[in-house]
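All heavy atoms count here, side chains included; hydrogens, waters and symmetry mates do not. A quick note: this is a predicted structure, and the numbers were derived from the prediction, not measured.
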Amino acid sequence: MDRYLVFGHPVRHSKSPFIHTLFARQTQQELEYGLAEPAVDEFAQALRTFFDQGGKGCNVTVPFKEQAFTLVDRLSPRAKRAGAVNTIKLTDDGVLLGDNTDGAGLVADLKSHGVTLADSRILLLGAGGAARGALAPLLAELPSELVIANRTHTKAQQLAAEFHDLGPVTAQIYEQLAGPFDLVINSTSASLQGELPPLAPALIHTDIAIYDMMYGASDTAFICWAKQHGARQTMDGLGMLVEQAAEAFTVWRGIRPGTKQVLRELKRNLGVI
């Protein structure tokens, strides 16, 4: 039976085995999917051992995505742009192909919620790895402008310059942000600590769409804050988790699983519904 893993540290909380087991059942694919939590300095060896022992593919999560980028034999165009790898496939000719499905998962989830990206003005909060992975897929949807805001302005400027060839992307400091925006995406990890990006409440209006890449059994701090200031459409990152997993499954197996029922089952598993 074909073997797949998710590498992370920590990773015991991961819902990837749950998601991919449902995908396999749905598409009648025979595979097993497990967890691997090597020490931070032992990831490279663990990855080699997994594929040497017959592994077919893996997901990679924090803190190994940038390291995985350096360990594969070939990179997909979107992995090159993201500077990180979250999906690895052993090809038929023995090559380790590194891909990044995070941005595609984000865009697919936004569209599933009816969010219009073309000609929209998007505010992306944060300039770390999550933002980097989202930029190319978001810009491919042809927004009118994509603004990156980050606590360290130079980091946002560098990121905007790196992706400027793909579309109208700029960097601004939080204090000088001027609306209106159609969509705000929080790619920072602030919600994990119950904290908020320093965003002015005046930027929130009733027609804005709010997306937090983080998720939990209840609304994140950012979503709670946005609702308090009048946002009617808010989304967390649970759908993105399922959509990026579906994209990875397609890379491995060549068949696209459906995500709606799997997302419902995941929410039930987490106690969200």
Side-chain angles (χ1 to χ4, degrees), residues 1-74 76 79 84-92 94-102 104-105 129-130 133 192 213-217 237-259 261-272:
M1 184 175 291
D2 291 345
R3 292 174 53 236
Y4 296 85
L5 285 177
V6 55
F7 285 94
H9 192 97
V11 79
R12 281 163 287 182
H13 67 284
S14 174
K15 294 300 179 182
S16 291
F18 180 86
I19 293 169
H20 283 286
T21 297
L22 291 180
F23 284 162
R25 190 178 305 159
Q26 176 196 121
T27 58
Q28 299 181 316
Q29 299 284 298
E30 292 191 7
L31 59 86
E32 60 180 31
Y33 190 107
L35 302 170
E37 191 176 280
V40 174
D41 60 350
E42 295 176 355
F43 170 62
Q45 182 58 53
L47 187 70
R48 282 193 293 269
T49 298
F50 170 66
F51 283 107
D52 286 346
Q53 293 178 350
K56 294 294 185 180
C58 66
N59 289 127
V60 182
T61 188
V62 177
F64 300 129
K65 291 184 183 181
E66 287 76 19
Q67 193 176 348
F69 182 87
T70 69
L71 295 172
V72 295
D73 302 313
R74 194 167 74 229
S76 71
V85 161
N86 80 330
T87 301
I88 301 176
K89 174 185 179 178
L90 180 65
T91 67
D92 292 340
V95 170
L96 289 185
L97 172 66
D99 201 352
N100 191 303
T101 66
D102 285 332
L192 295 177
M213 289 189 187
M214 301 300 109
Y215 63 88
L238 199 60
M240 175 180 171
L241 174 69
V242 175
E243 293 291 351
Q244 67 81 22
E247 188 77 9
F249 192 92
T250 306
V251 170
W252 294 328
R253 310 298 295 185
I255 184 170
R256 179 86 185 186
T259 55
Q261 181 61 35
V262 172
L263 180 57
R264 284 195 291 269
E265 292 294 331
L266 179 58
K267 287 181 176 179
R268 195 171 289 116
N269 178 265
L270 289 169
V272 177

Between CG on residue Leu270 and CZ on residue Arg268, distance to nearest 0.5 Å: 11.5 Å
Ignoring hydrogens, what is the shortest heavy-atom contact between Val72 and Phe69? Give both atom names and the distance. CG2-O, 3.9 Å
Kindly determine whether Glu265 and Phe18 satisfy side chain to side chain contact (heavy atoms under 4.5 Å, CB included), including the steps that lead there. CA-CA 9 Å; Glu265 292 294 331; Phe18 180 86; 4.2 Å; yes
Thr87 side chain to Asp99 side chain, donor-acceptor N/O pair below 3.5 angstrom: no
So how far is it from His9 NE2 to Asp41 CG, rounded to the nearest 0.5 Å? 9.5 Å
Looking at every non-hydrogen atom in both residues, tell me the closest pair between Pro257 and Ile255 and how far apart they are. CD-O, 3.4 Å
Between CG of Leu241 and CE of Met214, what distance do you get to the nearest 0.5 Å? 10.5 Å
Residue pair Val85 / Val60: nearest heavy atoms and the distance that separates them: O-CB, 3.7 Å
Tell me if a side-chain donor or acceptor on Thr70 pairs with a main-chain N or O of Gln67 at a distance below 3.5 Å. yes
Distance-only check: which donor-acceptor pairs under 3.5 Å involve side-chain atoms of residues 50-58, not counting sequence neighbours?
none

Taking Ile88's backbone N and O only, do any of them form a donor-acceptor pair with Trp252's side chain (distance below 3.5 Å, no angle check)? yes
Pairs in or reaching into residues 22-36: which pass side chain to side chain donor-acceptor pair (under 3.5 Å), with residues at least two apart or in two chains? Gln29-Arg253, Tyr33-Asn59
For side chain to side chain donor-acceptor pair (under 3.5 Å), just list the numbers for Thr101 and Asn86, CA-CA rounded to whole Å, side-chain angles, deciding distance to a tenth of an Å, and then say yes or no. CA-CA 7 Å; Thr101 66; Asn86 80 330; 3.1 Å; yes
May I ask you to test the Pro10-Glu37 pair for a side-chain heavy-atom distance under 4.5 Å? yes
Could you tell me the separation between the CG atom of Leu90 and the CZ atom of Arg3, rounded to the nearest 0.5 Å? 12.0 Å
Which residues satisfy the ring pair (Phe, Tyr, Trp, His ring centres under 6.0 Å) test with Phe43, sequence neighbours excluded? Phe7, Phe64
Enter the distance from Leu238:CG to Ile19:CD1 here, rounded to the nearest 0.5 Å. 7.5 Å
Please examine the side chains of Lys267 and Arg264, heavy atoms only from C-beta on, and report whether any two atoms are closer than 4.5 Å. no
Min side-chain heavy-atom separation Val6-Val11 under 4.5 Å: yes
Is any side-chain N of the basic residue among Arg256 and Glu243 closer than 4.0 Å to the acidic one's carboxylate O? yes
Heavy-atom closest pair (Gly98 atom, Ala79 atom, distance to 0.1 Å) is O-CB, 3.6 Å
Taking C-beta and beyond as the side chain, do Asp102 and Met213 meet within less than 4.5 Å on heavy atoms? no
Taking the side chain as every heavy atom from C-beta outward, state whether Ser14 and Thr61 have any pair of such atoms under 4.5 Å apart. no
CG of Leu71 to CD of Gln45, rounded to nearest 0.5 Å, is 11.0 Å
What closest approach, in Å, do Ala24 and Leu31 show between heavy atoms, and which atom pair accounts for it? CB-CG, 3.8 Å
Can you find a heavy atom in the side chain of Thr91 that is under 4.5 Å from one in the side chain of Asp73? no
Between Lys89 (side chain only) and Val251 (backbone N and O only), is there a donor and an acceptor less than 3.5 Å apart? yes
Parallel, tilted or perpendicular: which describes the rings of Phe249 and Phe23, with under 30° parallel and over 60° perpendicular? perpendicular
Considering all heavy atoms, the nearest Asn100-Ser76 contact: N-OG, 4.1 Å
